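Structure first, commentary second.
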Number of protein chains: 2
Amino acid sequence: MAKPYVIGIDMGGTNTAFGIVDARGNVIASSSIKTAKHSDINDYIAELHEAITRLMEENDAVDKIQGIGIGAPNGCYYTGMIEDAPNLPWATPIPLAQLITDKFGVQCVVTNDANAAAIGEMTYGAARGMKDFIMITLGTGVGSGIVVNGQVVYGHDGFAGELGHVIMKRTNGRMCGCGRTGCLEAYCSATGVARTAREFLEIRKDESLLREIPVDEITSKDVYDCAIQDDKLAKEIFDYTGTILGEALADFCTFSSPEAFILFGGLTKSGDLIMKPVKEAYEKNILSCFKGKAKIILSEMKEADAAILGASALGWEVK
Amino acid sequence: MAKPYVIGIDMGGTNTAFGIVDARGNVIASSSIKTAKHSDINDYIAELHEAITRLMEENDAVDKIQGIGIGAPNGCYYTGMIEDAPNLPWATPIPLAQLITDKFGVQCVVTNDANAAAIGEMTYGAARGMKDFIMITLGTGVGSGIVVNGQVVYGHDGFAGELGHVIMKRTNGRMCGCGRTGCLEAYCSATGVARTAREFLEIRKDESLLREIPVDEITSKDVYDCAIQDDKLAKEIFDYTGTILGEALADFCTFSSPEAFILFGGLTKSGDLIMKPVKEAYEKNILSCFKGKAKIILSEMKEADAAILGASALGWEVK
């Protein structure tokens, strides 16, 4: 018989958040540890085990865990390995699923963080009932989780859905963290917005509240703060960002013709500042047979819980 | 009990080819009619019925047909309709599956031509045993059929897989038949190759065998004929074409991480002239986690049979 809870773990470069989740998607309890404290992966796993065990004991969940799901950077669903992770302090490949399964005595399923978010959205969020949608996560980077026919697209090797690395500028494109130039992520991540701000401030001469901030310290949050004070340049930064994202979504539509694009992450808090140019560029660039079809909507997941919930949904896949 | 044959119909703008196919993928007999002869769709259906009935009678296949599959431009798998077809003489939408089913008394399934080719390749060709691959058809236009997890990607509306209309040049892009600019199809179709030839001949001053042909009459076949005579400019036209296609495939890989890209259609007859720059550009542009993984290969379908076989494979889906 299936047990009543699963554990969801969201492993980020800085923090690892985790929670105990019931079958209705309620986060019973959650906590977190620092990811990068230990130079030995086994010490990290040991601390994670200790912290989660404590959480289970406090919530009468010991021996009631059906499975563990982890969303991890570059995590591979098929192998359970992290194969390449520039933001983590350990040598790759890391046999993450195996390490967790051995330590906890509970089966563990791994995928990347954006796929976990897509699963969460399909199970508990804005994509309930949808069989074809594309989740775009707009954070420090740009990630994606693609669902076709009700199934996450993992590809032949488990690494499909890297839409943050589609090339949007083939000439004079910005350097991307992946080593190439012109990637969507270099423009439409929080970091990309800050880079656009620095470029605009350097090239242009018009006044802006942004000029009051030391140029190297400008964040996407600063751009937002200025934009809502009606700062023209700050608003144009959002227009520029949203236009590139809208053009990208129009291209993505030709691939899997989703019912919806679901946007998730820090940048979506800017609301219409980003959504308006996204939708305008999308409508302007979409192939006629797709016009007016796909919705572009915001995630319905509470951000604090989303990653944990998404990862936890994988825990139910354990047989 | 399943009947021993299916009928595959490949409906093009000029010709409609059709054949009787057995369960092993042998084309028992085939023929064709002109597509655009009749201004009334019902007259076209009547002529098609007459021609196929004659073929069935000649081959002892009457009452032995399990189903009919049609690959048609902009054919929708879900509705059986052709919703928008600039190359056909009839008003859309056309309820094609219904018209055929009613006339023949046999269930009919419709999809677009590139999806039909992908199904054919998966059932009988280079993609046998593959669960994740992308078929790219390089003909008068550029089409695609995407298979994820062993299933054709139809999308929420049945029109997914229009990769010929991904934007490859966002500034100063060529006009495409779809009304937008910069589409892959405007560069990597047979027509695109001819356009590149005209552009190169106009802009450049170096000698070329292509200058002996009236510039408005140059076809991709002419470019090929000159290239195999070691004409430098003609070879550069293939380099230019192949480079754009390779860049596009590298982007497509981020979506579904296929085991293989399968290229199909007239342009692939140019062999290494096109394949070498495609592979070079792909390797140069691919995201590191995908490097060295996906194969780029040629279709194994005999071209004359491919479209009929691909469409016919749909006929077996009929219950």
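Within every chain, numbering begins at 1; the chains are lettered A, B, ... in the order of the sequence lines, protein sequences first and strands thereafter. Keep in mind it's a predicted model, so treat the numbers as computed, not measured.
- Highest contact tally toward chain B, considering only A:A260, A:S288, A:S257, is held by A:S257 [criterion: heavy-atom pairs under 4.5 Å].
- Counting heavy-atom pairs closer than 4.5 Å to chain B, the top-ranked of the candidates A:I167, A:T171, A:D84 is A:I167.
- At a heavy-atom separation below 4.5 angstrom, chain B is approached by no residue within residues 111-131 of chain A.
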Would you check, one step at a time, whether the test side chain to side chain contact (heavy atoms under 4.5 Å, CB included) holds for A:I136 with A:L249?
-> CA-CA 9 Å; A:I136 304 284; A:L249 299 187; 4.0 Å; yes

Go through A:E199 and A:R195 one step at a time and tell me if the salt bridge (Lys or Arg N to Asp or Glu O under 4.0 Å) criterion holds.
-> CA-CA 6 Å; A:E199 277 185 21; A:R195 287 170 80 177; 5.8 Å; no

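- The choice from A:H165, A:Q151, A:R180 that makes the most heavy-atom pairs within less than 4.5 Å of chain B is A:R180.
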Is there a side chain to side chain contact (heavy atoms under 4.5 Å, CB included) between B:V193 and B:I237 once you walk through the steps?
-> CA-CA 7 Å; B:V193 170; B:I237 293 166; 3.9 Å; yes

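- Between B:Y240 and B:F200, the ring planes are perpendicular. Angles over 60° get that label, and only those under 30° would be called parallel.
- In this structure, no portion of B:E83 lies under 4.5 Å from any heavy atom of chain A.
- Counting heavy atoms from C-beta on, the side chains of B:N74 and B:E162 come closer than 4.5 Å.
- The two residues B:G155 and B:A160 come nearest to each other via the heavy atoms N-CB, 3.5 Å.
- Of the atoms belonging to B:I286, it is backbone heavy atoms, and not side-chain ones, that fall under 4.5 Å from chain A.
- Between A:E283 and A:K279 there is no side-chain heavy-atom pair separated by less than 4.5 Å.
- Both the backbone and the side chain of B:F252 come within less than 4.5 Å of a heavy atom of chain A.
- Using a 4.5 Å cut-off between non-hydrogen atoms, the part of residues 138-150 of chain B that approaches chain A consists of B:I146, B:V148, B:N149.
- Contact of the A:D251 side chain with the A:V166 side chain is not registered, since no non-hydrogen atoms from C-beta on lie closer than 4.5 Å.
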Dump the intermediate steps for side chain to side chain contact (heavy atoms under 4.5 Å, CB included) on A:W90 and A:T35, then the final yes or no.
-> CA-CA 10 Å; A:W90 309 298; A:T35 303; 3.8 Å; yes

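- Between A:I134 and B:F255 there is a side-chain heavy-atom pair separated by less than 4.5 Å.
- Among the candidates A:A294, A:G179, A:P258, the residue making the largest number of heavy-atom pairs closer than 4.5 Å to chain B is A:P258.
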Could you please spell out the steps behind the side chain to side chain contact (heavy atoms under 4.5 Å, CB included) verdict for B:Y77 and B:E317?
-> CA-CA 12 Å; B:Y77 178 77; B:E317 290 188 11; 2.6 Å; yes

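- Side chains of B:I244 and A:R170 form no contact here, defined as non-hydrogen atoms less than 4.5 Å apart.
- Looking only at side-chain heavy atoms (C-beta outward), B:K169 and B:T181 stay at 4.5 Å or farther from each other.
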